[in-house]
Number of protein chains: 2
Amino acid sequence: MSCLATLKENGFKITPQRKLIADFFHDAESHLTAEEIIAHVHEKMPGVNKSTIYRNLDIFEHLGCVLKSESGDRVIYHHTEEGHHHHLVCVKCGKSMDCDEMLFRPVEKTLRDKYNFRVDFKHQVISGLCENCYKQP
Amino acid sequence: MSCLATLKENGFKITPQRKLIADFFHDAESHLTAEEIIAHVHEKMPGVNKSTIYRNLDIFEHLGCVLKSESGDRVIYHHTEEGHHHHLVCVKCGKSMDCDEMLFRPVEKTLRDKYNFRVDFKHQVISGLCENCYKQP
DNA sequence: TGTATAATTGCAACCGGGTGCATTTACGAT
DNA sequence: ATCGTAAATGCACCCGGTTGCAATTATACA
């Protein structure tokens, strides 16, 4: 369902700023960084305040339209229609690829069984080395 | 080996600010947050600038005396002599416990085999629910 | 012990992200 | 079409962490 429809359903108003953000997520093939979103909005509508953008990203997140993942200094936003998965980001070349959401199931099980600790790993951003960068020292 | 000795060996100067930080790590039983370190230094020597502290934490990290782990907004510093392990932090009560460093081995193997992606999970800070908080809704 | 000098500190400013509050705006009722 | 009002925006400022630069200080050497 469209992000804008979800906003309306939940009693939020449709503003031009929100339209810009929602459209950008619908057009995006993959995840977006806060920087990219702010740049896009400013391009189409200069003068929009960053706090407006961050507040609306939070709203979209709470409505379940968008997912926010963070790892260290990386923050990534996702349109939820993309499905669930983790992100492998190469620390050398910056290339990013998606990976199966089941990846951490064995770890979750170990933590539950051995440590009585419950974790649900979702949209993890994992930093490492891709094949090319690993080969080339 | 002492952090101060390591500093000296690598051509760094021994300053009172560095002594305070190093001593605090030696006395600490477990990991420390930036907040705790800054508070301790200010208590013993008011007026020390935060940038001095952050810069020195970076130096200790690069010299291998201290390890920095982050996950989202949590940042944790460790004296390396403590040994290696991950941290389970309860999002409800804030309680923190250590867990075995082998935890992510199966994930590392999967990433290497299926995705040709190399990761070395070290000192991860894992947010979840401890037993008590899980039982009490 | 005194001095030269490179490293270190403190400062002030910056960065991404977040918040309280006054002004503006979307939109349901009329 | 107008209006009233609650919600959204822009603004100004806060926060933890980082950086460039001028002033200070630890240390090697005389």
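Proteins get letters first, then strands, A, B, ... in listed order; numbering begins at 1 in each.
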What is the distance, rounded to the nearest whole Å, between atom CG of B:D58 and atom C1' of D:dG16? 14 Å
With sugar-phosphate meaning primed atoms plus P, OP1 and OP2, does B:K19 contact a base, only sugar-phosphate, or nothing at under 4.0 Å between heavy atoms? nothing
Whole angstrom is fine here: how far is it from CD in A:E9 over to P in D:dA7? 18 Å
What integer distance in Å separates A:I59:CD1 from C:dG18:P? 13 Å
Atom-pair distance (CD1 on A:I14; P on D:dT9), nearest Å: 10 Å
Taking atom P of D:dG16 as reference, at what distance in whole Å does atom OH of B:Y77 sit? 13 Å
Using a heavy-atom cut-off of 4.0 Å across all strands, would you classify A:T15 as base, sugar-phosphate, or nothing? sugar-phosphate
How is B:Q17 classified with respect to the nucleic acid when contacts are heavy atoms under 4.0 Å: base, sugar-phosphate, or nothing? sugar-phosphate
If you measure from CD1 on B:I21 to OG1 on B:T52, what distance do you get to the nearest 0.5 Å? 8.0 Å
Check A:H123, A:H79, A:H87, A:H85 against A:H31 for a side chain to side chain contact (heavy atoms under 4.5 Å, CB included) and give me the one that passes. A:H87
Verify the contact: side-chain N or O of B:N49 to OP1 or OP2 of C:dT8, cut-off strictly under 4.0 Å; return yes or no. no
Ranking B:I38 and A:R18 by the position along DNA chain D of their nearest nucleotide, the one closer to 5' is A:R18
A:K8 side chain near C:dG28 phosphate (N/O to OP1/OP2, under 4.0 Å): no
Interatomic distance, A:K13 NZ vs C:dG28 C1' [rounded to whole Å]: 10 Å
Under a single-linkage definition using a 4.5 Å side-chain heavy-atom cutoff for Ile, Leu, Val, Met, Phe, Trp and Tyr, are A:F12 and A:I14 assigned to the same hydrophobic cluster? yes
Going by the angle between their ring planes, with limits at 30° and 60°, are A:F121 and B:F104 parallel, tilted or perpendicular? perpendicular
Of all heavy-atom pairs linking A:C130 and A:K95, the shortest is SG-NZ, 4.2 Å
Choose from C:dG10, C:dG17, C:dT8 the nucleotide whose nearest atom is closest to any side-chain atom of A:K50. C:dG17
Whole-Å distance, B:R55 CZ to D:dT25 C1', equals 14 Å
Taking only side-chain nitrogens and oxygens of A:T52, does any of them come within less than 4.0 Å of OP1 or OP2 of D:dG10? yes
Rounded interatomic separation in angstrom, taking OH from A:Y54 and P from D:dG10: 15 Å
